[in-house]
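Structure, as structure tokens:
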Protein chains: 2
Amino acid sequence: MNEPFLDGYLPYVLRRADQVLSAPFYQLLTQHGVQRSEWRVLAVLREHDSISMTDLTTTALSPQPTVSHAVARLAERGLVQRFRGTHDKRLWFVACTESGRALADKLVLEAHHTETEALSGASIHDISGLVEELNSLHTKLADSLVAQS
Amino acid sequence: MNEPFLDGYLPYVLRRADQVLSAPFYQLLTQHGVQRSEWRVLAVLREHDSISMTDLTTTALSPQPTVSHAVARLAERGLVQRFRGTHDKRLWFVACTESGRALADKLVLEAHHTETEALSGASIHDISGLVEELNSLHTKLADSLVAQS
DNA sequence: CAGGTATCAATTCGTATGAATATATTGTGC
DNA sequence: GCACAATATATTCATACGAATTGATACCTG
């Protein structure tokens with residue numbers, strides 16, 4: 001009843017698109033007994049031999065304590081391992097174990113498949129332009145935030 | 001160390017863009033003592049005279065119990081009111097009170113300002129194309145999901 | 001180097017979250 | 001019209017979340 005806002009508010013439309021696209025995969029995750037924060041950690045670890053907690057926090061798009069907890073749970077399940085940094089002993093590095101990598105690969109495959117399915121079902125074919133735009137948006141925003149500090 | 005996936009995975013880049021764009025506003029929210037789920041509810045209510053819980057759940061992009069709790073907290077603070085449906089008594093309708101509407105308007109103003117600031121700081125000016133693309137993506141996906149059921 | 005500050009990540013702990021369930025009301029088939 | 005499914009929402013409750021703190025290490029400055 002006020003002037004409209006949300007439909008033109010970028011964070012809102014980003015979140016809405018994410019949710020409708022992610023929903024089916026989140027159901028699969030639940031079936032696998034994997035938390036969303038754990039999935040994000042696994043998906044990142046899969047693309048790195050090992051990574052520090054700080055970098056993992058950034059790329060897994062989750063707060064540091066959330067990542068810390070998720071990694072602890074994954075470690076208990078034998079899916080990841082932690083190593084203290086040698087040069088800088090404050091750092092902890094995390095890496096997938098064999099079984100962790102296997103699970104991560106499987107989940108990534110399912111994520112990809114689910115995404116493809118959803119998109120083709122909606123007659124959407126070329127995503128690459130949109131992905132590029134969003135990556136560019138993120139890069140510019142991140143750069144400008146760094147520049148401020 | 002595997003073939004890259006995340007940087008081309010739409011849900012990931014959507015979430016990443018959302019986070020970097022939303023971060024500064026979330027800090028403001030915290031200062032106002034408003035939860036994110038509460039913000040989403042208020043922002044939706046602001047655009048409706050009144051709305052059913054089901055519709056609110058959908059548009060606030062949050063699970064039903066989360067919305068139910070958020071509305072309960074907002075009601076305790078006198079920011080929203082609930083009315084039982086007259087025709088269908090299972091429905092509950094929610095609406096802003098005066099003070100709720102005032103808070104919602106203030107928050108929307110700050111959200112808009114924060115977004116504009118972040119974008120201009122990153123030399124990003126025309127967002128409308130991207131917003132349109134994302135809205136179209138959402139509409140197509142939502143339609144195709146409905147068609148399936 | 002010693003003291004002070006900054007950084008990294010675990011941990012604490014109160015709270016929001018959300019899956020599952022319960023409750024209430026409305027349609028529906030026979 | 002009476003059981004029986006379907007729908008809308010509140011509620012329960014175990015758990016993840018995440019703000020704040022702590023502890024430990026590294027960097028810096030005189």
### Task
Identify whether B:Leu74 and B:Phe93 are in the same connected component of the hydrophobic contact network (ILVMFWY, side-chain heavy atoms under 4.5 Å).
no
### Separation of D:dC13 P from B:His69 NE2 (nearest whole Å)
12 Å
### Spacing between B:Met53 atom CE and C:dT23 atom P, to the nearest angstrom
19 Å
### Task
Would you please indicate if the ring centroids of A:Tyr26 and A:Trp39 are separated by under 6.0 Å?
no
### Task
Could you pull out the closest heavy-atom pair between A:Arg40 and A:Ser62, with the gap in Å?
CD-OG, 4.1 Å
### Query
Which one of A:Thr114, A:Leu109, A:Thr116 satisfies the side chain to side chain contact (heavy atoms under 4.5 Å, CB included) criterion with A:His112?
A:Thr116
### Nearest-Å distance for atom pair CH2/P, residues B:Trp92 and C:dT26
13 Å
### Task
Select base, sugar-phosphate, or nothing to describe what B:Pro63 touches, counting heavy atoms under 4.0 Å on all strands.
sugar-phosphate
### Task
Output the residues of residues 9-18 of chain B in contact with DNA chain D, where contact means a heavy atom of the residue under 4.0 Å from an atom of the strand; sort by number or write none.
none
### Query
Tell me: CG of B:Asp55 to P of D:dT7, nearest whole Å?
15 Å
### Query
What are the two closest non-hydrogen atoms of B:Leu134 and A:Val13, and how far apart are they?
CD1-CG2, 3.9 Å
#### Entry: Charged N-O contact under 4.0 Å between B:Arg16 and A:Asp18
no
### Message
Strictly below 4.0 Å: does A:Ser68 bring a side-chain N or O up to OP1 or OP2 of C:dA10?
### Response
yes
#### Entry: Crowding at NE2, A:His32 (>12 non-hydrogen neighbours, <6.0 Å)
yes
### Query
With a 4.5 Å heavy-atom cut-off, do B:Thr59 and A:Tyr12 have their side chains touching?
yes
### Message
Hydrophobic cluster membership, with links at side-chain heavy-atom distances under 4.5 Å among I/L/V/M/F/W/Y: are B:Leu10 and A:Ile124 in one?
### Response
yes
### Query
Of all heavy-atom pairs between B:Val80 and B:Leu42, which one has the smallest distance, and what is that distance?
CG1-CD2, 4.3 Å
### Message
Can you tell me which nucleotide in D:dC17, C:dT17, C:dA20 comes closest to the side chain of B:Pro65?
### Response
C:dA20
### Message
Could you tell me how far apart A:Leu61 (CG) and D:dG18 (P) are, to the nearest whole angstrom?
### Response
12 Å
#### Entry: Shortest non-hydrogen contact between B:Glu38 and B:Gly33, atoms and distance
OE1-O, 4.3 Å
### Message
Please give me every residue in residues 74-91 of chain B whose heavy atoms get under 4.0 Å of an atom in DNA chain D, ordered by residue number.
### Response
B:Arg82, B:Arg90, B:Leu91
### Task
Can you sort out which residues in residues 25-39 of chain A have a heavy atom within less than 4.0 Å of DNA chain D? Ascending by number, please.
A:Gln35, A:Ser37
### Task
Please tell me which of the listed nucleotides, C:dA10, C:dC13, D:dA10, lies nearest to the side chain of A:Gln64?
C:dA10
### Task
Classify the nucleic acid contact of B:Ser52 as base, sugar-phosphate or nothing, counting any heavy atom under 4.0 Å across all strands shown.
sugar-phosphate
### Task
Please determine if a side-chain N or O atom of B:Arg40 lies less than 4.0 Å away from the OP1 or OP2 oxygen of C:dT17.
no
